[in-house]
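Worksheet: one structure, shown below.
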Amino acid sequence: MHCGSAMSTTVTGSPPRGQAASHRRDPGGQAAPRARRWLRLPRASTTPGKLWLARAGLVILCLAWGALATLMVIQHASAAHDVAATDESLSLDAQQIYQSLADADVTVSTAYLYGRTGPYQDRVRYQHDIAVAAADLKAATAASGGTSIGASLSTLSDALPIYTGYVEDGQIYNSLGYPAGGSFIQAASEEMHLTMLPAARSVYAQENAKLMKASAQATGVPLAVITLVAGLAVCVLLFRVQRWLSGRTHRTVNIGLSLASLGMLAALIWLVVALAGSRSDLLQATEHGSGPAQTLAQADITALQARGDQTLNLISRTGDANFQQDFHAAQSNLSTELSSAGAQSAADGAGPITAAGRAATAWFAVNQRAQQLDAAHEYGTETQLEIGAGPGTAGTLFGQLEGDLEAAINADQAVFASNAAAGSDALSGLEAGVIVLALVIAVGCGWGLTRRLSEYR
């Protein structure tokens, strides 16, 4: 009995030796409960739960801020690059097309007044203007890529051979002494003023609008302010989490969170310095470079139109009041444009603008004398006053005005180019830097809180 009872107790109280060994070797016996404990999230009301939520929240917020900052930097850098690349874009081509066409028209009209054979230098200048306009038109058409300016460029491409054909016919008839030469020159001028110059002005205006849009985007502050405020909010949150963690764990410094805080401060300082420097340079480029240069380009166009009115009035010899009315309007516009450009230009452009103002005043004064001669039908004297090469003639003063305007435009374009390049360079490397720092901040938050969370497992 005792023996049987003992055997029964042995059988039921402990597993066989083989089974006990098998149980000790079973990997799932302890690993499965450990895995379940690892996957089971702690309750939010406990310290481990709060640590887990803080870790997840900070990592997500830091990555989200990094994405926002990267997007903002990409937008500003892209716009700044577009502004800096304006010297190689359609904007400069459009400006040169307009000026070349207007100058060609004035040159042809002036050369006609010399008689059967105009000055050789005028023929060379006309051919150069047409060649430059054709080359810029070809480049602008290739670069336009079917944009909204395509119709205006197509109009110019179609009208240019028509205009040159009229000029060629006018020069042939004029060389033979036929009065029809003047009619062809007037027809060419009408084609220029009614078709070509409006199309060129449309291209120029649209490209300037694109430049202003890019400049406004590159110097805009709303998205940059949002990004910086969001970064400051993350900094405050990092400070509060570290303060709370210090109170709970009685440890003053958390290396991971401290690294994240330093990374965020470095990112914010870099953003502020780069954006402020870029904005300052780009504003300088537009306000004291491209802005006055565009005004001066319009002043040059106004002067060319007024000169064209002078010569066409002589060619027609009608004393048409419309010519004089247009000339007086051009005089008023040119004075306003030079005054505006002088107030905006940097020091290098101020001197040529002042000289251009003096030349314009003297030129318009000569025109008053020409009007008197025209009214008295003294066309020979009027012609010599308009196209003569001596001092005090309209031709000489107009040449001085053109030279001063060109020097002022070149000075302002140099200011624009240097400052625009500096504004674009200020953002170099910022995109990659923000991405790296955002990852460092997120990793620092995750690592610092994971170390504390592991102490509760």
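Worth knowing before you read on, the calculation uses all heavy atoms, side chains too, and leaves out hydrogens, waters and symmetry mates.
Of the possible donor and acceptor atoms, none in the side chain of S280 sits under 3.5 Å from a partner among the backbone N and O of A276. A donor-acceptor pair under 3.5 Å links the side-chain atoms of T286 to the main chain of L283, judged by distance alone. A distance-only check finds no donor-acceptor pair linking the side chain of D169 to the backbone of F184 [under 3.5 Å]. At least one donor-acceptor pair closer than 3.5 Å links the side chain of W65 to the backbone N or O of T227. Judged by distance alone, the side chain of D129 and the main-chain N or O of A104 form a donor-acceptor pair under 3.5 Å. Of the possible polar contacts, one joining the T110 side chain to the V106 backbone as a donor-acceptor pair under 3.5 Å is found. Judged purely by atom type and a 3.5 angstrom limit, S345 uses its side chain to pair as donor or acceptor with the backbone of A341. A side-chain donor-acceptor contact under 3.5 Å links S100 to the backbone of Q96. Looking only at distances, a side-chain donor or acceptor of S418 sits under 3.5 Å from a matching main-chain atom of A414. Under the 3.5 Å distance criterion, the side-chain polar atoms of H76 are matched with a main-chain donor or acceptor of A218.
Taking CD of Q384 as the start and CG of L373 as the end, the distance is 11.5 Å to the nearest 0.5 Å. To the nearest 0.5 Å, the span separating OG on S290 from CE on M212 amounts to 4.0 Å. We find the CD-OH distance between Q298 and Y98 to be 6.5 Å, quoted to the nearest 0.5 Å.
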Sequence neighbours excluded and cut-off under 3.5 Å, please list the side-chain donor-acceptor pairs for residues 421-428, or say none.
from : atom 1 : to   : atom 2 : distance (Å)
S428 : OG     : D425 : O      : 3.1

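Here the closest non-hydrogen pair linking A140 and L153 is O-CD1, 3.7 Å. The two residues C62 and V234 make their nearest non-hydrogen contact at SG-CG1, 4.1 Å. Smallest separation of non-hydrogen atoms from G291 and Q344: C-OE1, 3.8 Å. Pairing each heavy atom of A69 with each of L271, the nearest pair is CB-CD1, 4.5 Å. In terms of heavy-atom proximity, A303 sits nearest to E402 at CB-OE2, 4.4 Å. Considering every non-hydrogen atom in both G220 and A224, the closest pair reads O-CB, 4.5 Å.
No side-chain heavy atom of I172 sits less than 4.5 Å from a side-chain heavy atom of Y178. Contact of the T354 side chain with the D404 side chain is not registered, since no non-hydrogen atoms from C-beta on lie closer than 4.5 Å. Contact check for Y126 versus T164: side-chain heavy atoms found under the 4.5 Å cut-off. For the pair L63 and I441, the minimum side-chain heavy-atom distance is 4.5 Å or more. Side-chain contact between R279 and V221 is present, with at least one heavy-atom pair separated by less than 4.5 Å. Two residues are said to be in side-chain contact when any heavy atoms from C-beta on lie closer than 4.5 Å; I97 and V203 fail this criterion. In this structure, L282 and N419 have side chains that are not in contact, with every pair of non-hydrogen atoms separated by 4.5 Å or more. Using a 4.5 Å heavy-atom cutoff, the side chains of L334 and L401 are in contact.
For residues 295-307, the pairs satisfying salt bridge (charged side-chain N to carboxylate O under 4.0 Å, His left out) are R307-E386, with sequence neighbours left out. For residues 384-412, every residue pair satisfying the ring pair (Phe, Tyr, Trp, His ring centres under 6.0 Å) rule, not counting sequence neighbours, is listed here: W363-F398.
Residues meeting the side chain to side chain contact (heavy atoms under 4.5 Å, CB included) test with Q75, sequence neighbours left out: L71, Q217, L223. Residues satisfying the side-chain hydrogen bond (donor to acceptor under 3.5 Å, both in side chains) test with R123, not counting sequence neighbours, are none. Every residue two or more places apart in sequence or in another chain was checked for a side-chain hydrogen bond (donor to acceptor under 3.5 Å, both in side chains) with E431, and none qualifies. Evaluation of the side-chain hydrogen bond (donor to acceptor under 3.5 Å, both in side chains) rule for S340 yields no partner, not counting sequence neighbours. Residues passing the ring pair (Phe, Tyr, Trp, His ring centres under 6.0 Å) test with Y163: none are found, sequence neighbours excluded. In this view, R125 and D103 satisfy the side-chain hydrogen bond (donor to acceptor under 3.5 Å, both in side chains) rule, not counting sequence neighbours. Remark: S189 pairs with D105, H193, L312 by the side chain to side chain contact (heavy atoms under 4.5 Å, CB included) rule, at least two apart or across chains. With sequence neighbours excluded, the residues forming a side chain to side chain contact (heavy atoms under 4.5 Å, CB included) with V236 are R240, listed by chain and number. Applying the side chain to side chain contact (heavy atoms under 4.5 Å, CB included) test to V443 and every residue at least two apart in sequence or in another chain returns nothing.
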Check step by step if side chain to side chain contact (heavy atoms under 4.5 Å, CB included) holds for R55 and C445.
-> CA-CA 6 Å; R55 181 182 64 179; C445 292; over 6 Å; no
Determine, stepwise, if the pair I130 / V167 fulfils side chain to side chain contact (heavy atoms under 4.5 Å, CB included).
-> CA-CA 11 Å; I130 294 299; V167 170; over 6 Å; no
Should S202 and Q206 be marked as a side chain to side chain donor-acceptor pair (under 3.5 Å) after you check the CA-CA gap, both sets of side-chain angles, and the distance that decides it?
-> CA-CA 6 Å; S202 175; Q206 292 183 64; 3.1 Å; yes
Pair T393-T396, side chain to side chain donor-acceptor pair (under 3.5 Å): steps then yes or no = CA-CA 5 Å; T393 61; T396 300; 3.0 Å; yes
Side chain to side chain contact (heavy atoms under 4.5 Å, CB included) between L156 and L101, intermediate numbers included = CA-CA 10 Å; L156 285 170; L101 291 176; 3.9 Å; yes
Show your reasoning for whether side chain to side chain contact (heavy atoms under 4.5 Å, CB included) applies to L245 and L449.
-> CA-CA 9 Å; L245 193 61; L449 290 173; 4.0 Å; yes
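Side-chain contact annotation: T107 with D122, donor-acceptor N/O pair under 3.5 Å absent. Side chain to side chain, E337 and T302 meet the donor-acceptor criterion of an N or O pair below 3.5 Å. S152 and T155 share no donor-acceptor pair across their side chains, judged by distance under 3.5 Å alone.
Within a 6.0 Å sphere centred on CD1 of I255, heavy atoms belonging to other residues, nucleotides or ligands number 12 at most. Annotation for Y166: atom OH does not count as buried by contact number, only 12 or fewer foreign heavy atoms lying within 6.0 Å.
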